[in-house]
Each structure stands twice: as C-alpha cells, then as structure tokens.
Amino acid sequence: MARLNILEYPNPRLRIKAVPVKDVDDKIRRLIDDMFETMADANGIGLAASQVDVHQRVIVMDLAEDSAGPRVFINPEIEVIEPEMTPYEEGCLSVPGFYEPIDRPTHVIIRALDRDGNAFEEEAHGLLAVCIQHEIDHLEGKLFVDYLSPLKRQRIRTKLKKQRA
Ligand code: QAP
Ligand code: CO
C-alpha cells in the first residue's frame, strides 16, 4: 500500500470532474487500498479519489461512529427522499484546519458499486448522509467552501496560502 498526496484548496486540480469507473478491477482495488491508507494517516473519515488527483468516481469512508466499518462507493448516486435540510459542521482533508456548518438534505438513498463491482443501495441519514454528499461534490469538482460566502471563502484561501508559504 502507498500513501498518496492530498491536493489542497485552492489547487485547480480539485475542480476536475471525475469520470465513472468502467471496470472494478485490481487497479481500482489498489487505488482503494491506497486511499484508505492515506485517509487513515491523515485522520480523515471520508476521501474522494479527486483529492488524490485520480479523477475517477471512487470514494472511501470510515466513520468512527459507524458499526459498518470501512466503506467503498464506486460510481455513487444519491436520491434525496425528503426536502428537509440539516446543518452539519463540515471539514475536509483538502481544506485542513477549517470547519463550517453546511446545510444539506438530511435523508438520502445511496446507490453505488462495492469493491467487487456489485451494485448496492443504502438509506442514509446523519453523518453518512452528510459525508456521501460532501464526497460526491468532490467528484463533481465542488468543495464545501463553495457553499460559504465569498468573504469567508477568500479568508480561508488566504490563510491556507500563508500557512503553506
Ligand atoms: C468530509 O472530512 C466530512 O481540517 C470528510 O485538520 C467532514 O475527513 C464529512 C480532517 C465532516 C462530514 C463531516 C480535516 C482532518 C478530516 C481537517 C474529513 C484536519 C484533519 C476531514
Ligand atoms: Co472533502
């Protein structure tokens, strides 16, 4: 396994739209293993392949509160089943050190492929619902800071650039 480099905001490569995975093969499973290692090493709970500069529709997740253990979502889709929105304090491995409440649909159905390429469906609320929406946004080239006011976003951008300089 290998630890991969995580792209950080405002790297323009985070804006690339990911393409669907055609074959869930050993190469994809190696990517998944590397993503889990990278995420664990960075103390993350969710990671999209876009964040490690691989622009294919793959997400890994390991929610501490979760009895389901490590999860993989390939070519994920969500369906919002209720109009209700709930705010949740979100962070992101690509925006280290910043957390802001973001409003998202509370209750969704997830459809995806697992690491063997088998389709599955899961109803989600709470942290799982928040996390899958956050990670699917990454696959679309979208970040949680895009939901903030331009002023807040600019402040985060400036601070991150200074931190790295
Ligand atoms: C996305 O985020 C998420 O700033 C996953 O210094 C976050 O794993 C979905 C992290 C919250 C729902 C709720 C962030 C680690 C990890 C940081 C993460 C940091 C160290 C973020
Ligand atoms: Co993120």
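For ligands, and for the atoms within them, numbers begin at 1 and follow the listed sequence. Just so it is clear, the structure is predicted and the values come from calculations on it, not from any experiment.
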Would you kindly check if the NZ (Lys) or CZ (Arg) of Lys142 is within the cone defined by 45 degrees around the ring axis of Tyr147 and under 6.0 Å from the six-membered ring centre?
yes

The residue among Asp34, Thr38, Asp41 that forms side-chain hydrogen bond (donor to acceptor under 3.5 Å, both in side chains) with Arg3 is Asp41

Please identify each residue that fulfils side chain to side chain contact (heavy atoms under 4.5 Å, CB included) with His125, with sequence neighbours left out.
His107

Under 4.0 Å from a heavy atom of Glu90: which atoms of ligand 1 are those, numbered in the order shown and with their elements?
11 (C)

Atoms of ligand 1, numbered as shown, that sit under 4.0 Å from any heavy atom of Leu127:
12 (C), 13 (C)

In ligand 1, the atoms that come under 4.0 Å of a heavy atom of Val130 are 12 (C)

Answer yes or no: are there more than 12 heavy-atom neighbours, outside Arg157 itself, under 6.0 Å from its atom CZ?
yes

Give the single entry among Ser94, Ala48, Gly91 that approaches atom 11 (C) of ligand 1 most closely by any heavy atom.
Gly91

The atoms of ligand 1 lying under 4.0 Å from a heavy atom of Ala42, numbered in the order shown, are 15 (C)

Identity and distance of the protein heavy atom lying nearest atom 15 (C) of ligand 1
Leu93 CD2, 3.4 Å

Met61 vs Ile45, test: side chain to side chain contact (heavy atoms under 4.5 Å, CB included). Steps then yes/no.
CA-CA 5 Å; Met61 215 183 277; Ile45 58 170; 5.7 Å; no

Side chain to side chain contact (heavy atoms under 4.5 Å, CB included) test vs Phe73 passes for just one of Ile59, Ile136, Val60, namely Ile59

So if you build clusters from Ile, Leu, Val, Met, Phe, Trp, Tyr with side-chain heavy-atom gaps below 4.5 Å, do Tyr9 and Ile16 land together?
no

Of all the heavy atoms in Leu47, does at least one lie under 4.0 Å from an atom in ligand 1?
no

Please list the nearest protein heavy atom to atom 13 (C) of ligand 1 with its residue and the distance rounded to 0.1 Å.
Tyr88 CE2, 3.7 Å

Do other residues, nucleotides or ligands put more than 12 heavy atoms under 6.0 Å from Glu79 CD?
yes

Numbering as shown, the atoms of ligand 1 that approach Ile45 to under 4.0 Å (heavy-atom distance):
5 (C), 8 (O), 18 (C)

N or O pair under 3.5 Å between Pro96 and ligand 1:
no

Proximal ligand 1 atoms for Gly46, defined as those under 4.0 Å from one of its heavy atoms
5 (C), 8 (O)

Of all the heavy atoms in Tyr99, does at least one lie under 4.0 Å from an atom in ligand 1?
yes

Shell of protein N/O/S atoms around the Co ion (ligand 2), taken as anything under 2.8 Å:
Cys92 SG, His134 NE2, His138 NE2

Salt bridge between Glu90 and Arg104, side-chain N to carboxylate O under 4.0 Å?
yes

Examine Phe98 and Leu151 and state if one hydrophobic cluster contains both, with Ile, Leu, Val, Met, Phe, Trp and Tyr joined whenever side-chain heavy atoms are less than 4.5 Å apart.
no

Within a distance under 4.0 Å of any heavy atom of His134, pick out the atoms of ligand 1 and give their elements.
1 (C)

Does ligand 1 have an atom under 4.0 Å from some heavy atom of Glu135?
yes

In the protein, which heavy atom is nearest to atom 4 (O) of ligand 1, and how far is it?
Gly97 N, 2.7 Å

So, does Arg57 use its side chain to make a donor-acceptor pair with the main chain of Ala18 at under 3.5 Å?
yes

Could you please spell out the steps behind the side-chain hydrogen bond (donor to acceptor under 3.5 Å, both in side chains) verdict for Ser94 and Gln51?
CA-CA 7 Å; Ser94 295; Gln51 293 176 273; 3.0 Å; yes

Okay, side chain of Glu37, backbone of Ala2: is any donor-acceptor separation there less than 3.5 Å?
yes

